[in-house]
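To start, the structure under review is shown below, and the notes come after it.
Whatever order the structure lists them in is the order used to number ligands and atoms, beginning at 1. Owing to the predicted nature of the structure, the values given are computational and were not obtained by experimental measurement. When reading the values below, keep in mind they use all heavy atoms of this one structure, side chains included, and skip hydrogens, waters and symmetry mates. Index from 1, following the sequence.
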Amino acid sequence: MPKSVTRTFGILTSGGDAPGLNAAIRGVARAAIDVYGMRVIGFEHGYRGLIENRARELHPAEFSGILARGGTILGTSREKPFKDKEWSSPDGRGAVDMIKENYRLNGLDCLVVLGGNGTNTTAHLLAEEGLNVIGLPKTIDNDIVETDITFGFHTALTVATDAIDRLHSTASSHNRVMVIELMGHKAGWLALYSGIAGGGDVVLIPEIPYSIENIARHLEDRARSGKTFSIVVVAEGALSVEEARLERKAFKKQREQMTGSIGYRVAREIEGATGLESRVTVLGYLQRGGTPVAYDRVLASQFGTAAAEMLASGDYGKMVALRDNRVIGVPLEKVANRVKTVPIDHRMLVTARDVGTCLGG
Ligand code: F6P
């Protein structure tokens with residue numbers, strides 16, 4: 001058996017669930033136990049379980065049959081220990097103190113966290129507190145910096161593309177504009193990629209504020225050229241040119257007064273500007289649920305086993321990442337507090353425009 005610097009490590013999943021989490025847990029744990037002989041302590045429901053010491057040793061049998069399963073066998077939560085002012089132990093200690101205490105109590109040499117931007121930012125802050133931490137990039141939004149891709153994204157992309165394909169039937173049968181709203185508050189990767197994959201006629205992403213006049217012109221041109229329907233893909237974080245000029249507070253206030261989510265507003269605006277009958281579908285949590293596609297299973301397994309290698313060599317304080325088809329470790333400090341949005345000169349935007357997609361801006 002190869003030597004390992006890490007003998008015992010903790011593992012947790014945090015933030016929104018994403019397809020591939022179980023494949024990643026299995027990848028880390030199988031390699032860590034079978035190849036290096038480490039002990040694995042699982043914490044339930046993300047950082048919340050670490051604060052409350054909801055911990056148990058995980059054994060090889062628990063990793064059988066989970067590769068293709070959605071969700072996370074460990075459970076998850078959106079607990080952010082460094083922002084948690086409410087939690088306090090009976091003797092008055094705060095969330096971060098309890099994490100440090102439970103890390104020590106469980107005899108951990110390292111903590112492996114699987115999650116998105118918030119999770120990896122917390123991981124960095126814990127590393128600054130003196131804990132050994134390794135992060136894995138999970139999210140359907142694909143908005144984590146320093147990695148080309150996150151696991152979960154390809155499954156969501158497949159689900160969203162299938163939904164767009166299905167909407168074509170109703171769009172063409174009824175001569176309608178079908179608006180589909182997808183996840184992605186800050187980054188439009190999912191809307192952009194599924195818009196291209198599904199042949200969306202209009203794709204609206206947070207990075208390119210839209211003007212309803214541009215959208216209306218595009219849809220009317222399509223109608224004049226004999227196209228009897230249109231598909232409009234909207235990221236949940238899409239915003240208008242007018243909104244982009246607002247200060248954060250004024251923007252928030254305007255959004256609080258909005259009826260329904262952004263997809264509904266875009267449909268109303270399209271009907272108002274063009275008179276074209278419009279309908280809305282909000283895909284919601286269907287994008288995050290269910291079995292991961294093969295790509296995500298492979299990526300998550302690869303990230304998991306890479307994390308086990310990093311545990312063995314004591315390569316802590318890093319997030320596993322994919323760059324130019326190579327799995328590497330990047331310092332957590334480079335990942336913390338950042339979001340990977342779609343650069344406005346990104347090749348995929350050129351592709352979208354070149355195939356006739358209106359990006360609204
Ligand atoms: O996982 C990220 C994400 O999918 C975002 O795109 C979305 O806004 C968010 O999760 C919503 O999740 P929840 O309702 O679980 O907080």
Side-chain angles (χ1 to χ4, degrees), residues 12-25 44-49 70-72 74-81 83-84 113-123 135-145 147 149-164 179-195 203-207 233-239 251-252 255-256 258 260-266 280-293 296 299-300 303 319 335-342:
L12 61 82
T13 54
S14 167
D17 67 323
L21 275 170
N22 287 326
I25 294 170
E44 289 172 9
H45 298 289
Y47 289 112
R48 168 78 27 185
T72 157
L74 292 172
T76 186
S77 69
R78 291 207 180 267
E79 168 71 42
K80 290 191 171 73
K83 290 191 174 156
D84 189 343
V113 300
L114 285 63
N117 284 316
T119 304
N120 282 291
T121 297
T122 299
L136 268 78
K138 158 251 58 165
T139 163
I140 66 159
D141 296 335
N142 193 33
D143 61 353
I144 302 181
V145 295
T147 184
I149 195 92
T150 58
F151 61 86
F153 177 67
H154 269 267
T155 306
L157 173 57
T158 304
V159 171
T161 304
D162 180 55
I164 295 171
V179 176
I180 177 163
E181 182 185 304
L182 300 177
M183 283 187 170
H185 267 303
K186 292 184 180 147
W189 297 105
L190 185 56
L192 177 61
Y193 275 60
S194 58
V203 173
L204 306 180
I205 60 174
E207 294 85 346
V233 182
V234 183
E236 65 187 331
L239 74 173
F251 174 73
K252 262 188 95 179
R255 279 304 169 96
E256 276 161 20
M258 185 168 89
S261 55
I262 185 68
Y264 288 92
R265 191 184 77 190
V266 168
V280 185
T281 301
V282 180
L283 202 53
Y285 296 95
L286 292 175
Q287 294 159 94
R288 281 197 346 214
T291 187
V293 295
D296 278 331
L299 183 70
F303 280 173
M319 183 189 79
V335 178
N337 297 309
R338 291 175 66 199
V339 177
K340 184 180 73 181
T341 53
V342 180

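- Nearest protein heavy-atom neighbour of atom 14 (O) of ligand 1: Y285 OH, 2.4 Å.
- The nearest protein atom to atom 2 (C) of ligand 1, hydrogens excluded, is given as D141 OD2, 3.1 Å; this is a heavy-atom distance.
- Given atom 7 (C) of ligand 1, the protein heavy atom at minimum distance is E236 OE2, 3.3 Å.
- Looking only at side-chain heavy atoms (C-beta outward), I25 and L74 come within less than 4.5 Å of each other.
- Each of T150, N142, I144 was compared with K340 under the side chain to side chain contact (heavy atoms under 4.5 Å, CB included) criterion, and only N142 meets it.
- The side-chain heavy atoms of L239 and F251, taken from C-beta on, include a pair separated by under 4.5 Å.
- Close N/O approach between D17 and ligand 1 is not found [any backbone or side-chain N/O within under 3.5 Å].
- Ranking protein heavy atoms by distance to atom 12 (O) of ligand 1, first place goes to R288 NH1, 2.8 Å.
- Counting only N and O atoms by type, the side chains of T72 and D17 include no donor and acceptor under 3.5 Å apart.
- When each of T76, T119, T122, N120 is tested with S14 by the rule side-chain hydrogen bond (donor to acceptor under 3.5 Å, both in side chains), just one qualifies, namely T119.
- Every atom of ligand 1 with a heavy atom of H185 under 4.0 Å away is listed here by number and element: 8 (O).
- Looking only at protein heavy atoms, the nearest one to atom 13 (P) of ligand 1 is R78 NH2, 3.4 Å.
- Atoms of ligand 1 found under 4.0 Å from any heavy atom of I140 (numbered from 1 in listed order, with element): 4 (O).
- Under a 3.5 Å cut-off, the side chain of T281 and the backbone N or O of I180 do not form any donor-acceptor pair.
- Regarding atom 4 (O) of ligand 1, its nearest protein heavy-atom neighbour is M183 SD, 3.0 Å.
- No side-chain N or O of T341 forms a donor-acceptor pair with one of E207 less than 3.5 Å apart.
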